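Not measured: the values here are computed from a predicted model. The figures here come from the full heavy-atom set of this structure, side chains too, leaving out hydrogens, waters and symmetry mates.
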Amino acid sequence: MTQATPTRSWWAAVFDLGPHAGAHWTALRASVAIFMPLVACLAAGRGDLLLYAAIGAFTALYGRHEPSRVRLAMQAQAGVVLVVGVLVGALVATVPFRLWLLVPVGAIWAAVAVVLAELGRWHPAGALNPVFALTASATVPITLSTVPAAVLAAAGAAVFSLLLALPGRTARDDDGGPVRYRLAWRDLRPSQPVGRHATRYLLGIAAAGLAVATSGIGHPYWTFVTASVPMSAPNLHARLTRAAQRVIGTAAGLVVAALVLAAHPSSYAAIILIAVLQACTELTTGRNYSLGLVFFTPMALLLGNLMLPASIGTLLSQRALETVIGLTIALAATVITHERLTPARPTPTRDPLPDRE
C-alpha cells in the first residue's frame, strides 16, 4: 500500500463525516438480506445455523455504489469467497485442537482473501469479511455432520443477497464500472504494495490466532476481526485513524449493547433488532466508521449471544478485551510491514470504503 504524506493529522480525520451517498438503498438491502435467512433458520428449527446464514448475508454489503450489473458480479465473487470461508472454518471447527489449527489456516486464508479482493477491486476492500467468515465458523464447535447444513445456510443467504442486488441504480453510469486489474506474480512479492498488504494480513492474523489459542477467550473470532480492521486501510495515516475510530465506536457501542442485552430479547425479537441495527450500521458506516460501530457492536453481540450464550458482563468485557488485543496486533503488523519509502510508480490499490466489522 502506498504511503502518502498526510496533509492533516490522522487524529483530525477520526471525526470526519462523509456524504450520505445513497446509503439508504444499501441499508435496505443489507437489512432484508440478513433478516429473511435468520427467520428461515429459526422457522426450520435450526437456530444452530444462524451464524452461517448471517455470514452469507454479508454478500449484500459489497458494491454498494455500483450499478446493478457491476454490483451483482462483485457480490457473486465475494459471496463465493464467504461460503468457502464457512466451509473451511466449519471443517476446522470439527477438530478438538481447532484454535491451534486456526493459526496457520486463518493466516493463509487472510492473505489469499486480500489478494482476491484486490484482484476483484472489491469494496468494502480488504479481507475483513472473509476473515470473519472463516474464523467465526471455526471457533463454534460443531460435528462433521453439521458442516453441509452450515455451508447450505451460508450459500442460501448469499444467493438471496444476489437476488436483492438486481434491482436499483446508483449515481454511477451503467456503462462505467470499476477498472479491472491483472495481478502478476511480481505484485505478490513482499516488496510490492499488494504483496506487502498480504504479508501484513498473514502476520497479523497469525498473531491474533496465537493470542486466541493461548488466552481461552470466549468469542475468539472478535480478535481476528478487530485485527483485520486497521490493516484494510491504504496507508499508515488511515490505519491509525481506523484504529482510533474502532476504539471510540466500540466503546459507545458497548453502552448501547448493554441496554439492548438487558432487555433479553427473544429469538425472533433479537432477529428484528439485528436487522434494524444492520440497517443503521450501513446508514452510518460510510459517513464515519465510529458511528457505524455504535450500531454494529450491539448487533454482533446479539448474534454472538444467540450462538454462544453468556452473561451480559462477560460479553461486554470480552468484546472490550478482544478489541484491545486485536488492535495491538494490527498496529504491530502495520509497523513491521510499513513501507519506508513511497514507491515512484502508481499502484492498483485504492482507498477502500470503510469496513463494517
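Neither Val247 nor Leu240 shares a network with the other; the hydrophobic side chains, linked directly or stepwise wherever heavy atoms of I, L, V, M, F, W or Y lie under 4.5 Å apart, form separate groups for each. Under a hydrophobic-cluster definition in which Ile, Leu, Val, Met, Phe, Trp and Tyr are linked whenever side-chain heavy atoms come within less than 4.5 Å, directly or via other members, Val159 and Leu164 are assigned to different clusters. When the side chains of ILVMFWY residues are joined at heavy-atom separations under 4.5 Å, either directly or via intervening members, Leu273 and Tyr268 end up in a single hydrophobic cluster. Note on Phe224: it does not cluster hydrophobically with Leu327, by side-chain heavy-atom contacts below 4.5 Å among ILVMFWY residues. The hydrophobic cluster containing Val105 does not contain Val103, counting ILVMFWY residues as joined when their side-chain heavy atoms lie under 4.5 angstrom apart, directly or transitively.
Contact between Ala300 and Trp222 at its shortest, heavy atoms only, is O-CZ2, 4.4 Å. Minimum interatomic distance between Ile205 and Ala107 (heavy atoms only, all atoms of both residues): CG2-N, 3.7 Å. In terms of heavy-atom proximity, Ala211 sits nearest to Ile325 at CB-CG2, 4.0 Å. The shortest non-hydrogen separation linking Ala198 to Val114 is CA-CG1, 3.6 Å. Summarising the geometry of Leu315 relative to Leu301, their closest heavy-atom pair is O-CD2, 4.1 Å, with the distance given to 0.1 Å. Taking each heavy atom of Ile55 and Leu82 in turn, the nearest pair found is O-CD1, 3.7 Å.
With values rounded to the nearest 0.5 angstrom, Leu293 atom CG is found 8.5 Å from Thr284 atom OG1. Distance check: Ile142 CD1 to Asp48 CG gives 8.5 Å after rounding to the nearest 0.5 Å. The distance from atom CG of Leu302 to atom CG of Leu50, rounded to the nearest 0.5 Å, is 11.5 Å. Atom CG of Leu38 sits about 11.0 Å away from atom OG of Ser267, to the nearest 0.5 Å. Interatomic distance, SG of Cys41 versus CG of Leu306, reported as 11.0 Å (0.5 Å rounding). Distance check, rounded to the nearest 0.5 Å: OG1 of Thr135 to CZ of Arg98 gives 13.0 Å.
Under the 4.5 Å side-chain criterion, counting only non-hydrogen atoms from C-beta, Glu282 is not in contact with Arg29. Counting heavy atoms from C-beta on, the side chains of Thr26 and Leu283 never come closer than 4.5 Å. Between Tyr201 and Val112 the shortest side-chain heavy-atom distance does not fall below 4.5 Å. Between Phe160 and Met36, some side-chain heavy-atom pair lies under the 4.5 Å cut-off. Using a 4.5 Å heavy-atom cutoff, the side chains of Trp100 and Leu210 are in contact. Residues Val256 and Met299 form no side-chain contact, since every pair of their non-hydrogen atoms from C-beta on lies 4.5 Å or further apart. Inter-residue side-chain proximity for Ile272 and Phe35 is flagged as met; some heavy-atom pair is nearer than 4.5 Å. Leu28 places a side-chain heavy atom less than 4.5 Å from the side chain of Val32.
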Please step through side chain to side chain contact (heavy atoms under 4.5 Å, CB included) for the pair Leu291 and Thr285, ending with a clear verdict.
CA-CA 6 Å; Leu291 288 178; Thr285 295; over 6 Å; no
Assess whether side chain to side chain contact (heavy atoms under 4.5 Å, CB included) is satisfied between Phe295 and Val276, documenting all intermediate values.
CA-CA 9 Å; Phe295 301 103; Val276 171; over 6 Å; no
Report the C-alpha separation of Leu102 and Leu134 in whole Å, then their side-chain angles, then the decisive distance to 0.1 Å, and conclude whether the side chain to side chain contact (heavy atoms under 4.5 Å, CB included) test is met.
CA-CA 9 Å; Leu102 192 53; Leu134 187 141; 3.3 Å; yes
Can you check side chain to side chain contact (heavy atoms under 4.5 Å, CB included) on Val83 and Tyr52, steps first, answer last?
CA-CA 9 Å; Val83 173; Tyr52 314 108; over 6 Å; no
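Counting only distance, with no hydrogens or angles, the side chain of Gln278 and the backbone of Ser31 share no donor-acceptor pair below 3.5 Å. The main-chain N or O of Gly326 is never found under 3.5 Å from a side-chain atom of Thr226 such that the two would form a donor-acceptor pair. Although no hydrogens or angles enter the test, the distance criterion places a donor-acceptor pair under 3.5 Å between the side chain of Thr199 and the main chain of Gly195. In terms of modelled atom types and a separation under 3.5 Å, the side chain of Thr59 and the main chain of Gly56 share a donor-acceptor contact.
For the pairing with Thr139, the side-chain contact (heavy atoms from CB on, under 4.5 Å) check across Thr223, Leu99, Leu51 returns one residue only, Leu99.
Note on ring orientation: taking the six-membered ring where Trp is involved, the planes of Tyr221 and Phe132 are perpendicular (angle over 60°, cut-offs 30° and 60°).
Side chain to side chain, Ser311 and Thr314 meet the donor-acceptor criterion of an N or O pair below 3.5 Å.
Geometrically, Arg242 engages Tyr289 in a cation-pi contact, judged by NZ or CZ lying under 6.0 Å from the ring centre and within 45° of the ring axis.
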